[in-house]
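Notes follow the structure.
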Amino acid sequence: MIASNAMANPENQAPEGALSDRYNPADVETRTYQWWEKNGYFKAQDQSTKPPFSIILPPPNVTGQLHMGHALDHTIQDVLIRYKRMSGFNAMWLPGTDHAGIATQSVVERELKKQNLSRREMGREKFVEKVWEWKKQYGDRIYEQMRRLGDSCDWDRATFTLDDGVSKAVRKVFVDLYKKGLIYRGTRLVNWSTALESAISDLEVEHKETKSILYYLRYAVEGSDQSLEIATTRPETLLGDTAVAVHPDDERYSALVGKNVLLPLTGRKIPIIADTYVDKEFGSGVVKITPAHDFNDYAVGQRHKLPMINIMEKDGKINDHGGAYKGLKMQEARKRIVEDLKNAGLLIKEDSLKNSVGYDSRTGVVAEPFLSDQWFAKMPELAGAAKRVVETGTIRFEPEQYAKTYLHWMNIIEDWCISRQLWWGHRIPAWTCEKGHYTVAEQDPAKCETCGSTHLKQDEDVLDTWFSSALWPFSTMGWPNDTEALKTFHPTSVLVTGFDIIFFWVARMIIMGLEFTKDVPFRKVYIHGLIRDSEGKKMSKSIGNALDPVEMIDQYGADALRFTLMAQLSAGRDLKFSEQRLEGYRNFMNKIWNATRFALGAMTDFKAPADGVNAKPNAADLSNADKWIIFETGEIERTVERALEEDRFSDAANALYHFVWNDVCDWYLELVKPVVYGEPSAQRSATQLVLAQTLNRVMRLLHPFTPFITEEIYKKLPINSAALIIESFPTTRNDKEWLSLGSKEAAFEMQIVKETIAAIRNIRGEIQIKPSVAINVRLAPSSAQVGDILMRNQPQIMRLARLDSCTVGDAGNLAKTAVQPVRLPDASVDVIVPLEGLVDIAEEVKRIQKTLEKAQKDVQILSGKLSNENFVKNAPAELLASDRALLAANQERVSRLQDSLKRLS
RNA sequence: ACAGGCUUAGCUCAGUUGGUAGAGCAAUACCCUUACAAGGUAUGGGUCGGGGGUUCAAGUCCCUCAGCCUGUACCA
């Protein structure tokens, strides 16, 4: 009945027919995944009577590899999907990959460079072909890695952002927005990456604090011997200056406004203007204005209708307007110009200055403000509705604080530069004729809309990758057609992603979703943090501290990795990943495995009941331990369900860890041993059934977190079904019948038994009695009821605490004894171990004193509280009662301990 | 500068309507007790960042200071 489980390590080789004493994930995972996939368990139905639950996966870069961030992101989603699938939902998780324009193009370009090829030499068509080849070769790698992690995606729905369906959606959206005037083409100052030779969006610019030099330059005023002192960090841009500006209220310069200065080195004449943008206090109070190379200067230029002189080529070299400096890179030009100014005596001084400089986040080069023709989307016009759905709670953020981040950005949102001068991506559906008329259409047009010319040329640019990403929740479901998938799964239930792409992606999806589907794309956004290394540093390839999740899976198993992530997850917060912790959860997997091994061994003669999970033993045959573990099963079902419904994944995971390890393994299995090893009886059969039913529920509860090991074990359980993955997730509602066998009284009784045993063990440990030495114990209960409980459980207590004898009765004489009180809200037991011959008097006194001090402190705190009139007046009755009971018990204990001390001295 | 977050045991972190501080790991001691040494049993360890306030009662609510982190904006 039990499959043999040959291990790679011969030391751990299991005998034929038994489970190995170590869980070996490698034996299980791939086989199990393939079995799930082959049986179609991941598939969702476009039409179903079940309620829908849908998630779209944030598509990873198609050429990328799975990193820890993905592992976290995916595990959260997979836990949700598996949980909902088991809870009777039509659960659909849609996977996909992103063409990732810049990233992928760069990777392929780098490869080509190794072969001494360049994309420009190859030409667009050939290059794009190469990228597709690359995609074919590596595009599925990440999908395979996702399978290793256990992602239960509906693979039939896998979508690539350049698929035909998505492309159609992209074109439609572009054309619609263009026709509504929400997309336009304009000549504007944009952020330019000279490495990519492309525009980039504001979001792709990373501002970094940089040590710069502030140069003070002398500009001569025309027709006088006066000159102006001008402070700048970018002297090279003086080649493009078209004015110098002062503050209108600055008396130092008011006489000069309207005159001209002569630009150093070139002698070009430019006006002195007045503008409130200038800060009188900064530098000399005079600013050079370079409208084509600075965003603020651009604004000043617009106000004063200044000419714009672009001095830079796309590759970052000075152009014709730079005269002698033509052909130099901006940085080189700066050096040369400073040198020349110095030689001409026009450099007054240099100061150091800390300022923030924008860099292209992708390539790390300085992002240059650059005047160029680009396509823009009018985001402020589109943002209103997207703001409202978050303000009104139609879309909720988890944790909520990110709603603020989102709204803040939405309030200052600016037009989005959507065109990129790349070749890999969605080509912009706009054509020009020789007269320069634009035709924007979904289908490639045959002639110009305006003049009918048939000589059309498509725009060379592609769209920002995030443009197609913004449509993802509906473009993947067949939009603009009104498909069954859309009707069923859109809006999606939840979006799970990192805070780093709230603006890039989340906000834009909400905007586009509302504009085109008239609905939100998802109802909830679950934001998680970053995975850091054990020292809190960001994991990165370049630092070399990035752990490869696939390697972790090879070494510890996917379940252990998943559990580690979930146990530590706290919404919106970064988490530090330590391999040590992973090892701990690997041990947990082993614990589960071995508990099963024990249980199966204890049930070799157990006949699987016909009614499976509904099979119930005769209540009269149940032991207190049985009733207790059933009670705890109800508690864990309640806790896990509530936690998962509230996205508190770590609460669910930690509760399960505790339940399985402490309740089931440490106590229940230990308590059950004499029963299951004993002679066949009605009670033994009942216990076997409880064991089988409990394990069945443990596997179902754990499955979303640790799918592989639970599916594997489930197959071997006496009570099971065809597949765990589609079994029902146990809740206090659907498991009511079974849980009705548990009882609170049993739990109370167990608590007394457990604590009593713990107290005896404590004494043993404290006075160093070897486990092999059996001892005698006297138990003094606080009431007859507690006494009955102790009597009933005497055999268990004796076995688990290794006692020779155990009597229940009055505390009696405490001389030459060790006393350990057990305190519960409604019960109390004094555990008394006679020490005759076991320990010396001094030790004994020390022990009693320690116990006494504790009790005295309790008395002090409690009586202080209870003598406070206001406390007695205001505190709830229950608290008052339990505090009073506690006080009484401790007072009694204090006097007894003092008594014993007296007798010893 | 603005916004948000963090500060609890040696480490990583829980702590959900305020009611004498919890977990995991690490440490220490003792145990190969027939599911598991990737194990068992027990132990030590915290004035909950500082100060103030509200309250009978504050890790929890309010104010304030400090340190760290993350966004966003600006910087000639």
Side-chain angles (χ1 to χ4, degrees), chain A residues 19 21-23 207 209 212 214-217 230-234 237 244-245 277-279 282-290 294 296-297 353-357 399 401-402 404-405 408-409 412 499-500 502-503 529-530 534 536 556 560 567-568 570 572-578 580-581 583-602 642 646 648 650-651 654 657-658 665-666 669-670 673 677 757-758 761-766 768-772 799-802 857-858 861-862 864-865 868-876 878-879 882-883 886:
Chain A
L19 272 71
D21 66 355
R22 285 198 186 173
Y23 171 58
H207 293 271
E209 188 104 311
S212 303
L214 186 61
Y215 299 92
Y216 288 79
L217 315 180
I230 281 161
T232 178
T233 52
R234 303 199 55 191
T237 62
V244 296
Y277 155 69
V278 181
D279 176 358
F282 191 95
S284 57
V286 189
V287 188
K288 60 194 272 313
I289 301 297
T290 323
D294 182 281
N296 288 307
D297 292 7
L353 178 80
K354 257 195 194 162
N355 65 346
S356 95
V357 176
Q401 74 209 46
Y402 284 103
K404 278 190 192 158
T405 310
H408 175 247
W409 187 68
I412 56 164
F499 60 81
D500 49 333
I502 290 178
F503 306 143
L530 236 55
S534 55
Y556 300 97
Q568 286 182 88
S570 180
R573 308 224 359 215
D574 291 352
L575 72 85
K576 289 182 195 168
F577 188 89
S578 92
Q580 202 173 34
R581 188 109 187 217
E583 207 179 306
Y585 290 114
R586 186 269 320 261
N587 295 353
F588 179 48
M589 297 305 116
N590 197 48
K591 190 77 181 174
I592 296 168
W593 183 256
N594 274 299
T596 309
R597 222 155 61 91
F598 163 76
L600 294 179
R642 194 179 296 168
E646 292 170 13
R648 289 180 287 108
S650 61
D651 283 1
N654 291 322
Y657 181 94
H658 179 267
C665 294
D666 289 348
L669 296 187
E670 292 305 327
K673 275 178 184 175
Y677 287 150
I757 293 169
R761 286 170 171 170
N762 178 323
I763 294 172
R764 246 184 201 291
E766 290 269 292
Q768 310 241 347
I769 304 169
K770 295 227 173 211
S772 51
R799 190 171 59 86
L800 293 177
R802 297 191 163 234
K857 201 176 157 202
D858 279 357
I861 292 170
L862 288 164
K865 241 165 113 178
N868 180 336
E869 269 175 50
N870 285 319
F871 175 71
V872 178
K873 204 166 62 192
N874 294 315
E878 291 166 38
L879 186 70
S882 78
D883 273 3
L886 216 57

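Labels below follow one simple rule: chain letters A, B, ... track the order of the sequence lines, proteins then strands, and each chain is numbered from 1. Predicted, not measured: the structure shown is a model, and the values here were computed from it.
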Dump every N/O contact between nucleotides 2-5 of chain B and the protein below 3.5 Å, one line per pair.
none

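The nearest whole Å value for the distance from the CG atom in A:D297 to the P atom in B:C74 is 13 Å. Distance, A:D294 CG to B:C74 C1': 12 Å, rounded to whole Å. Rounding to whole angstrom units, CD of residue A:E646 and C1' of B:U16 are separated by 7 Å. The separation between A:R648 atom CZ and B:G15 atom C1' is 11 Å, rounded to whole Å. If you measure from atom CD1 of A:I592 to atom C1' of B:G39, you get 15 Å, rounded to the nearest angstrom. Counting to the nearest Å, the C1' atom of B:C30 and the CG atom of A:N762 are 14 Å from each other.
For A:N594, the side-chain atoms get nearest to B:C36 when compared with the rest of B:C36, B:C13, B:U72. Proximity note for A:H207 (side chain, C-beta onward) versus B:A73, B:U33, B:G39: the nearest is B:A73. Side-chain proximity of A:A595 to B:U12, B:A35, B:U43: nearest is B:A35.
With both ends at atom C1', the span from B:G45 to B:G10 equals 9 Å, rounded to whole Å. A gap of 16 Å separates the P atoms of B:C32 and B:A38, to the nearest Å.
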Query raised in the report: What do the steps show when you test A:F499 against A:D574 for side-chain contact (heavy atoms from CB on, under 4.5 Å), and what is the final call?
Result: CA-CA 10 Å; A:F499 60 81; A:D574 291 352; 3.7 Å; yes
Query - Pair A:M589-A:Y556, side-chain contact (heavy atoms from CB on, under 4.5 Å): steps then yes or no - result: CA-CA 10 Å; A:M589 297 305 116; A:Y556 300 97; over 6 Å; no
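Residues A:N587 and A:C665 both approach RNA chain B. Their nearest nucleotides, taken by heavy-atom distance, put A:C665 toward the 5′ side. Of the residues near RNA chain B, A:L575 and A:T596, the one whose nearest nucleotide (by heavy atom distance) lies more toward the 5' end is A:L575.
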Query raised in the report: Along nucleotides 19-29 of chain B, 5' to 3', which nucleotides get a B, which get an S, and which get a -, given that the test is a protein heavy-atom distance under 4.0 Å?
Result: BB---SSS--S
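Neither OP1 nor OP2 of B:U34 sits under 4.0 Å from any side-chain N or O of A:K673. Between A:Y677 and the phosphate of B:A35, there is a side-chain N or O to OP1/OP2 separation shorter than 4.0 Å. Within the structure, every side-chain polar atom (N or O) of A:K576 is placed at least 4.0 Å from both OP1 and OP2 of B:C11.
Residue A:E670 places a side-chain atom within donor-acceptor reach of the base of B:A35, judged by atom type and a 3.5 Å distance cut-off alone. Donor-acceptor pairing under 3.5 Å, judged by distance alone, is present between the side chain of A:K591 and the base of B:C36. Put simply, the side chain of A:R22 and the base of B:A38 share a donor and an acceptor less than 3.5 Å apart.
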Query raised in the report: Based on Watson-Crick and G-U pairs with both distances under 3.5 Å, what dot-bracket line describes RNA chain B 5' to 3', crossing pairs as [ ] and inter-strand pairs as |?
Result: ((((((((.[[[[.)...(..]]]].(((((.......))))).....[[[[[..)....]]]]])))))))....
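A:H408 places none of its side-chain heavy atoms less than 4.5 Å from the side chain of A:T405. The shortest distance between side-chain heavy atoms of A:Y23 and A:T596 does not fall below 4.5 Å.
Heavy atoms of A:R761 sit under 4.0 angstrom from primed sugar atoms or phosphate atoms, though from no base atom. Across all strands shown, A:S284 has no heavy atoms under 4.0 Å from either base or sugar-phosphate atoms.
Donor-acceptor pairing under 3.5 Å is recorded for the side chains of A:T290 and A:K288.
Aromatic ring pairs are classed by plane angle as parallel below 30°, tilted from 30° to 60° and perpendicular above 60°; the pair A:Y585 and A:Y657 is perpendicular.
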